[in-house]
Amino acid sequence: MLSELSIKNFAIIEALSISFDKGLTVLTGETGAGKSIIIDAIHLLVGGRGSAEFVRHGEEKAEIEGLFQIDEHHPCHSKAFEFGIEIEEGMVVLRRDISRSGKSVCRINGKLVTISTLREVGSTLVDIHSQHEHQDLMDESRHLLLLDQYGYDEISQSQAEYQEVFHRYEQTSQKLKSLSENEQKTAHRLDLIQFQFDEIQNAKLKLKEDEELFEEKRKLANFERVFEAVQSSYNALTGEQKGLDWISMVMGQLEDAAALDSAYKEIYESVMNSFYQLEDASRMLRNELDGLEYDPQRLNEIEERLNEINQLKRKYGKTIEEILEYAAKIEEEIETLQNKETHIGQLEKQLTSIKKDLILEAKQLTELRKRWANKLTTLIHNELKELYMAKTVFEIRFESILPHFSKNGVDHVEFYISTNPGEPLKPLSKIASGGELSRIMLALKSIFSKHQGVTSIIFDEVDTGVSGRVAQSIAEKIYNVAVDSQVLCISHLPQVAAMADTHLFISKVTEGGRTKTSVNPLSIEEKIKEIGRMISGAEITDLTKKHAEELLFLASENKKIVKLPN
């Protein structure tokens, strides 16, 4: 959910910090106080289109920051992982700065991201619905996804089985397409990979050969220094300096001392052991000197071989192992192209067999979707009935895209609706009436909100054009969506305000010739006064206050019996 929102120098807002809780939060206030500006700020925070017009007059930039808290199973985790964004302790911080020039700087948990990345991550956190926004439920391309989310437990398993076959179908189709290309292109391809294969084979590469050559090159390059060091060491032990002779003399003297006084026995033994070790080291140094031989021609050979290997690396892989793997791959392709007609026949048989399996899996997936579509249709009709739209007809229509296949099956799904008896069913996106659209969207949201995984749902004046018992039903439905989740709602309906778990009042004042917006949570007494204002307008009478108190009491009773979403 959205826990904290910070806004600075945005439109008429100088500086504002708001804390939000779970459940239903209603924002009310006088027209022009800045209610919709707050929603605009959230919309920009999750990747909406911005411009320099949002920057407060006289300031250099607008700053918006929001803290979201999510559980470990929230879809935001996988989306953030996709973009290399770390989420710790279930906290996601979105930030967006808009400069006077209109340029945006976006960050997620401190990491700079593009607008498109911010939008993709933000879409998992917030769903904003207003009278003028084009949302998921109005987008026909999203209807299949919504249906699949609704019946996820069953549909996802069938879809996974379909996608496994679809993947094999695509791979086989691509192989067949490649083989069936024109003869000239095939001949060019065969010439190219045959040349590449021969070049790699003629090089007679061995695994880790380059590493061994580098080590040998290093030794040859340092030959002179190594030779001098070994020779000097040997001479120090056995040459003019006679290091071993001196130690032998010391050993003899200590042997005599130890025979006279046992206190020197341990020192004698230590010198004796060192002498024999150094004597062994001297012999080893002699052998090394005999074996050390500088071959300048070998160094040239190594350089030439390494250059040859590097040339192959630039063409076929970063390592010898990758080069050899590439050779094995094109060797198989060479065999396939040389026996093209045989392979085409085999692939055609495979594709025919896979296609039969794919059609069967697609049919099972479609049948399962249709069963869930019937359940969903019944639920939506019940929701619409509760919103006083009992005569509205809702239908989920299926069209097959066969003979084509997509990764999601062969179904094109679209929601259709008729709001008046006798009128033909039309696509949901064609519904024009504001009041009808509000109720239809609420009915759908009541069902889908629990299946979309979105952290926060925002309704911006979706109750426009309704009153009376319809207004009450909308209030209850909005609260229904907010059960066990978070809903932020801007409303002019006292019925909606009465159902709020948290009621925030938006006001504006003029200080120093500038307009400022403030947000304050209302106490019970303040809530009664505000709902009274919403009922009657500017003048609040005792009767209005009693009416407001009655609305709050009824809202409290309705919350006790609220129906949990299916």
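Reckoned from all heavy atoms, side chains included, excluding hydrogens, waters and symmetry mates. Residue numbers run from 1 in the order of the sequence given. Predicted, not measured: the structure shown is a model, and the values here were computed from it.
With a 4.5 Å cut-off on side-chain heavy atoms, Ile38 and Leu27 count as touching. The shortest side-chain heavy-atom distance between Ser17 and Leu5 does not fall under the 4.5 Å cut-off. Side-chain atoms of Met389 and Glu383, non-hydrogen and from C-beta on, never get closer than 4.5 Å to each other. A 4.5 Å side-chain heavy-atom check between Leu387 and Val470 finds every atom pair outside the cut-off. Proximity of Lys477 to Ile474: side-chain heavy atoms (C-beta onward) are nowhere separated by under 4.5 Å.
Inspection of the Gln159 and Asn408 side chains reveals an N or O donor paired with an N or O acceptor under 3.5 Å. If you check the side chains of His503 and Thr28, you find a donor sitting under 3.5 Å from an acceptor. Using a 3.5 Å distance cut-off with no hydrogens or angles, the side chains of Ser518 and Ser507 do pair a donor with an acceptor. If you check the side chains of Gln69 and Ser3, you find a donor sitting under 3.5 Å from an acceptor. A donor atom on one side chain and an acceptor atom on the other are found under 3.5 Å apart for Ser19 and Glu4. For the residue pair Ser173 / Glu170, no side-chain donor-acceptor distance below 3.5 Å is found, with atom types taken as modelled.
Under the 30°/60° scheme for interplanar angles, the aromatic rings of Trp372 and Tyr150 are found to stand perpendicular. Ring-plane geometry between His143 and Phe415 is classed as parallel, the angle between the planes falling under 30 degrees on a 0 to 90 degree scale with a further cut at 60.
Interatomic distance, CD of Glu395 versus CG of Leu428, reported as 13.0 Å (0.5 Å rounding). Atoms NZ and CD1, on Lys363 and Ile359 in that order, are 10.5 Å from each other to the nearest 0.5 Å. Put simply, CD1 on Ile457 and CD on Gln486 are 9.5 Å apart, with the number rounded to the nearest 0.5 Å. The CG atom of Leu376 sits 15.0 Å away from the CZ atom of Arg371 when rounded to the nearest 0.5 Å.
Within 6.0 Å of CD on Glu161 lie more than 12 heavy atoms contributed by other residues, nucleotides or ligands.
Cation-pi geometry between Lys370 and Phe398 is satisfied (NZ or CZ under 6.0 Å from the ring centre, within 45° of the ring normal).
When every heavy atom of Ile70 is checked against every heavy atom of Cys76, the shortest pair comes out as CD1-CB, 3.9 Å. Between Arg100 and Val55, the shortest heavy-atom distance links the atoms NH2-CG1, 3.6 Å. When all heavy atoms of Arg369 and Leu147 are compared, the closest pair comes out as O-CD2, 3.9 Å. The shortest non-hydrogen separation linking Ile85 to Thr117 is CD1-CG2, 4.4 Å. Scanning both residues, Glu530 and Arg533, for their nearest heavy atoms gives OE2-NH2, 2.5 Å. Across all their heavy atoms, Cys489 and Ile478 have their closest contact at SG-CD1, 4.0 Å.
Considering only residues two or more places apart in sequence or on other chains, Arg96 meets the salt bridge (charged side-chain N to carboxylate O under 4.0 Å, His left out) condition with none of them. A search for salt bridge (charged side-chain N to carboxylate O under 4.0 Å, His left out) contacts involving Glu63 returns Lys61, Arg95, not counting sequence neighbours. The salt bridge (charged side-chain N to carboxylate O under 4.0 Å, His left out) search around Asp501 returns Lys559, not counting sequence neighbours.
The side-chain contact (heavy atoms from CB on, under 4.5 Å) test with Ser400 is passed by exactly one of Thr366, Asp411, Val410: Val410.
Ring-centre distance between Phe405 and Phe166: not below the 6.0 Å cut-off.
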